[in-house]
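These notes concern the structure reproduced below.
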Amino acid sequence: MILREYFERARGVGVLATTDASGQVNQALYAQPYFLDKDDDGTCSFIMANRLSHDNVGHNPSAAYLFIEEGEGYVGKRLSLTVIEEETDPEKIKAIRRLNAPPISEEESKYLVYFHIEGVRPLIGNE
């Protein structure tokens with residue numbers, strides 16, 4: 001299954017893990033990633049506020065995203081990510097923001113951060 005299609009259909013909870021320059025880990029709840037180019041399944045993006053997660057990826061571009069699907073059992077995806085680009089255009093961010101995004105205000109939604117997807121694994125085990 002194409003990753004973009006998976007995230008369009010799946011419902012659940014996501015956690016983005018980042019680290020600062022000294023290796024201190026932070027985890028934060030994040031909405032499902034955006035796949036803005038329908039032909040590029042290797043790049044995703046997140047809207048980020050001016051908070052610790054965004055600060056961390058400015059110092060260390062590596063991150064991990066864990067997604068747990070709603071329902072019974074342990075089903076989901078783990079993504080290994082690397083920052084490749086960032087935009088700050090408020091109109092673009094507003095245009096792509098989902099209605100069911102986690103509760104941060106439009107004023108806090110300051111960064112559209114693009115990640116290269118280095119690897120994808122199931123929630124449990126290796127494939």
Side-chain angles (χ1 to χ4, degrees):
M1 175 186 302
I2 296 173
L3 202 54
R4 175 181 52 83
E5 292 174 355
Y6 169 80
F7 281 109
E8 286 174 357
R9 293 195 326 236
R11 296 292 169 252
V13 175
V15 176
L16 183 69
T18 60
T19 60
D20 66 14
S22 67
Q24 277 296 106
V25 178
N26 176 64
Q27 306 91 26
L29 290 177
Y30 264 79
Q32 293 155 268
Y34 296 94
F35 289 84
L36 301 178
D37 181 346
K38 66 177 183 161
D39 297 322
D40 182 2
D41 215 36
T43 301
C44 67
S45 58
F46 293 94
I47 295 173
M48 301 182 86
N50 190 21
R51 295 183 182 166
L52 186 56
S53 294
H54 179 261
D55 187 54
N56 282 353
V57 297
H59 296 288
N60 181 344
S62 295
Y65 180 74
L66 179 141
F67 181 77
I68 304 168
E69 288 185 30
E70 290 178 351
E72 291 188 34
Y74 296 99
V75 179
K77 302 279 185 200
R78 293 179 288 164
L79 309 180
S80 298
L81 307 169
T82 303
V83 173
I84 54 174
E85 185 181 352
E86 178 179 296
E87 290 188 52
T88 58
D89 179 353
E91 292 305 313
K92 183 171 186 174
I93 292 169
K94 185 177 180 180
I96 66 167
R97 186 172 168 79
R98 288 189 192 97
L99 294 177
N100 61 347
I104 63 170
S105 68
E106 285 187 24
E107 293 79 35
E108 289 182 297
S109 301
K110 297 190 181 293
Y111 307 99
L112 179 61
V113 182
Y114 295 84
F115 292 86
H116 174 70
I117 301 170
E118 304 288 343
V120 180
R121 294 185 290 165
L123 184 60
I124 296 177
N126 291 314
E127 283 186 6

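Note that the structure is predicted; figures quoted are calculated from it, not measured.
In this structure, the side chains of L3 and I117 come closer than 4.5 Å at one or more pairs of heavy atoms. You'll find the side chain of T43 stays beyond 4.5 Å of the side chain of E85, heavy atoms only. In this structure, Q32 and R11 have side chains that are in contact, with non-hydrogen atoms separated by less than 4.5 Å. Looking only at side-chain heavy atoms (C-beta outward), Y114 and E87 come within less than 4.5 Å of each other. Looking at heavy atoms from C-beta onward, F7 lies in side-chain contact with L79 at the 4.5 angstrom threshold. Looking only at side-chain heavy atoms (C-beta outward), D89 and L112 stay at 4.5 Å or farther from each other.
Within the model, atoms OG1 of T82 and CD of E118 stand 3.5 Å from one another, a figure rounded to the nearest 0.5 Å. M48 CE to T88 OG1: the interatomic distance, rounded to the nearest 0.5 Å, is 14.0 Å.
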Could you go through the side chain to side chain contact (heavy atoms under 4.5 Å, CB included) check for E86 and H54 one step at a time?
CA-CA 10 Å; E86 178 179 296; H54 179 261; 2.7 Å; yes

Set out, in order, the CA-CA distance, both residues' side-chain angles and the distance that settles side chain to side chain contact (heavy atoms under 4.5 Å, CB included) for D20 and N26, then state yes or no.
CA-CA 8 Å; D20 66 14; N26 176 64; over 6 Å; no

Just do the side chain to side chain contact (heavy atoms under 4.5 Å, CB included) check on L81 and L16 with the steps written out, would you?
CA-CA 10 Å; L81 307 169; L16 183 69; 4.1 Å; yes

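A search for ring-ring contact (aromatic ring centres under 6.0 Å, His included) contacts involving F46 returns Y30, Y65, F115, not counting sequence neighbours.
Note on L52 and V25: separate hydrophobic clusters, where clusters join Ile, Leu, Val, Met, Phe, Trp and Tyr whose side-chain heavy atoms are under 4.5 Å apart, directly or indirectly. Linking ILVMFWY residues whenever their side-chain heavy atoms come closer than 4.5 Å, directly or via other members, places V120 and F67 in the same cluster. With hydrophobic clusters built from ILVMFWY side chains whose heavy atoms lie under 4.5 angstrom apart, I68 does not share a cluster with Y6. Under the 4.5 Å side-chain heavy-atom criterion for ILVMFWY residues, no single connected hydrophobic cluster contains both Y74 and V13. With hydrophobic clusters built from ILVMFWY side chains whose heavy atoms lie under 4.5 angstrom apart, L66 does not share a cluster with F35.
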Acceptor/donor pairs from residues 56-63 side chains to any protein atom, 3.5 angstrom cut, sequence neighbours excluded:
{"residue": "N56", "atom": "ND2", "partner": "T18", "partner atom": "OG1", "Å": "3.0"}
{"residue": "N60", "atom": "OD1", "partner": "S62", "partner atom": "N", "Å": "3.1"}
{"residue": "N60", "atom": "ND2", "partner": "T19", "partner atom": "OG1", "Å": "2.7"}

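Between R4 and D41, the closest heavy-atom pair is N-OD1, 2.9 Å.
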